[in-house]
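None of these values were measured; they are calculated from a predicted model. The figures that follow rest on heavy atoms only: side chains count, while hydrogens, waters and symmetry mates do not.
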Amino acid sequence: MGTYIIRRLLQMIPVILGATFLIFAMVFALPGDPLAGKCGERPCPPAYAAAFREKYNLNDPLPIQYGKYVANLARGDFGETTNGIPVLDQLKARYPVTAQLALMAILFESVIGIFVGVLTALRRGGFLDNLVLVSTLVVISIPVFVIGGVSQYFLGVKLGIFPVTVTSANPSFYELMLPAMVLGSLSLAYVSRLMRTSLVENLRADYLRTAVAKGLTRRRAVGLHALRNSLIPVITFIGFDFGALLGGAIVTEAIFNIPGIGGYLFRSIRARDGASVVGTVTVLVIVYLFVNLLVDLLYGLLDPRISHD
């Protein structure tokens, strides 16, 4: 296990370098001038423009710019925004909000999705199974911004159950409940369908009939063997989805005015703030890789046939 973890950690290095270089190159190739609007409607003085370009290495070729960025990154320096604010401070202020939103969305989709999937698998072919099938197809077909807008109108404006938007820099659990349900709604449909399909397949497996033939009650055989094996693909999906949600749900955060990573990344791209974009993506790539590693380790714990020697 230790060798497997070390090997995976070493494999992360080229992935991080490759991802950051691609983002860096794309930001470098974006049209526009980072100095636009810095001095109001008038062009910036030549002295200020020269100092600005020198500070952010804008006069250097792309490989040199990236080399300097990686050297600073190795020291824990994510650079500064074009307004002179350290990128790391911006991420520290916003990432906890996105992490809380992602965790709430994951809990919402996991608990309800697994429960619904198990229930429909045990009663497959019935009214509930068909109802969930149609409902999940509808949810999957609707864009998240439509679900967010409809939820805001009915649950926020008409019924007044939840706040329509987030109004504070540190939103409470209650303020994030509706955005978390909207964010997790699409994945909930996938989790429930995946759980239902996986459990139905395991209920028909030979090992389950063998366990019952050896004297194990069907309820215990389902709960001890079929359910555990059925959770393996579901846990894998949830883990990857959690890593993606930590990347910042740009649309959901924009709809509900959440001060998280998604909105910050979107504004940084529009402002052509290379340090902010690359720094944010670097953190997201690292977090996503570590989440994937944890998912693989959990996969091995659920499936004893897998060995990470």
Side-chain angles (χ1 to χ4, degrees), residues 5-32 34 52-103 105-106 183 239-254 258-297:
I5 295 176
I6 294 175
R7 186 169 66 250
R8 286 292 301 272
L9 292 176
L10 292 177
Q11 290 173 352
M12 291 181 184
I13 297 176
V15 174
I16 294 172
L17 292 176
T20 53
F21 179 76
L22 289 175
I23 297 299
F24 201 96
M26 287 188 287
V27 172
F28 185 83
L30 285 176
F52 183 90
R53 294 183 179 279
E54 180 66 24
K55 179 179 180 180
Y56 294 100
N57 305 315
L58 298 179
N59 295 321
D60 297 328
L62 175 61
I64 297 179
Q65 286 192 43
Y66 180 71
K68 291 181 178 179
Y69 178 80
V70 171
N72 293 331
L73 189 64
R75 298 193 298 267
D77 182 8
F78 285 79
E80 295 182 352
T81 67
T82 52
N83 295 323
I85 303 174
V87 175
L88 191 58
D89 292 345
Q90 296 284 341
L91 297 178
K92 288 180 179 178
R94 290 171 168 80
Y95 211 92
V97 178
T98 297
Q100 183 181 357
L101 176 64
L103 184 59
I106 284 294
L183 186 59
F240 290 149
D241 191 46
F242 184 54
L245 292 179
L246 285 175
I250 296 179
V251 176
T252 304
E253 290 186 0
I258 299 174
I261 291 293
Y264 175 66
L265 181 60
F266 177 71
R267 289 191 296 271
S268 299
I269 294 173
R270 291 189 60 184
R272 202 174 180 267
D273 192 339
S276 299
V277 175
V278 180
T280 304
V281 172
T282 300
V283 173
L284 299 182
V285 169
I286 293 173
V287 171
Y288 191 80
L289 291 175
F290 274 102
V291 170
N292 287 347
L293 175 59
L294 292 177
V295 170
D296 289 341
L297 295 177

* Give the C-alpha distance, both sets of side-chain angles, the deciding distance and a yes or no for side-chain contact (heavy atoms from CB on, under 4.5 Å) between Val70 and Phe24. => CA-CA 11 Å; Val70 171; Phe24 201 96; over 6 Å; no
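Between Leu293 atom CG and Leu9 atom CG the span is 6.0 Å, to the nearest 0.5 Å. Interatomic distance, OG of Ser276 versus CG of Leu265, reported as 9.5 Å (0.5 Å rounding). Rounded to the nearest 0.5 Å, atoms NZ (Lys92) and CG (Leu88) are 4.5 Å apart.
Looking at residues two or more places apart in sequence or on another chain, you find a side-chain contact (heavy atoms from CB on, under 4.5 Å) between Ala99 and Tyr95, Leu246. Taking Asn72 as the reference, Arg75, Asp77 meet the side-chain contact (heavy atoms from CB on, under 4.5 Å) condition, with sequence neighbours excluded. Partners of Gln90 by side-chain hydrogen bond (donor to acceptor under 3.5 Å, both in side chains), not counting sequence neighbours, listed by chain and number: Arg94. Here Ile106 pairs with Glu109, Ser110, Ile238, Asp241, Phe242, Leu245 under the side-chain contact (heavy atoms from CB on, under 4.5 Å) rule; sequence neighbours left out.
In this structure, the side chains of Val278 and Val87 stay at 4.5 Å or more apart for every pair of heavy atoms. Using a 4.5 Å cut-off on side-chain heavy atoms (C-beta onward), Tyr264 and Thr98 make no contact.
For the side chain to side chain contact (heavy atoms under 4.5 Å, CB included) test with Ile261, the passing option among Val97, Thr280, Leu101 is Thr280; the others fail.
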List the atom pairs, with distances to 0.1 Å, where a side-chain N or O of residues 10-21 and a protein N or O form a donor-acceptor pair under 3.5 Å, not counting sequence neighbours.
{"unit_1": "Thr20", "atom_1": "OG1", "unit_2": "Ile16", "atom_2": "O", "d": "2.8"}
{"unit_1": "Thr20", "atom_1": "OG1", "unit_2": "Leu17", "atom_2": "O", "d": "3.0"}
{"unit_1": "Thr20", "atom_1": "OG1", "unit_2": "Tyr66", "atom_2": "OH", "d": "2.8"}

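Of all heavy-atom pairs between Ala25 and Leu62, the closest is CB-CD2, 3.9 Å.
The local environment of OH in Tyr288 is crowded, with over 12 non-hydrogen atoms from other residues, nucleotides or ligands closer than 6.0 Å.
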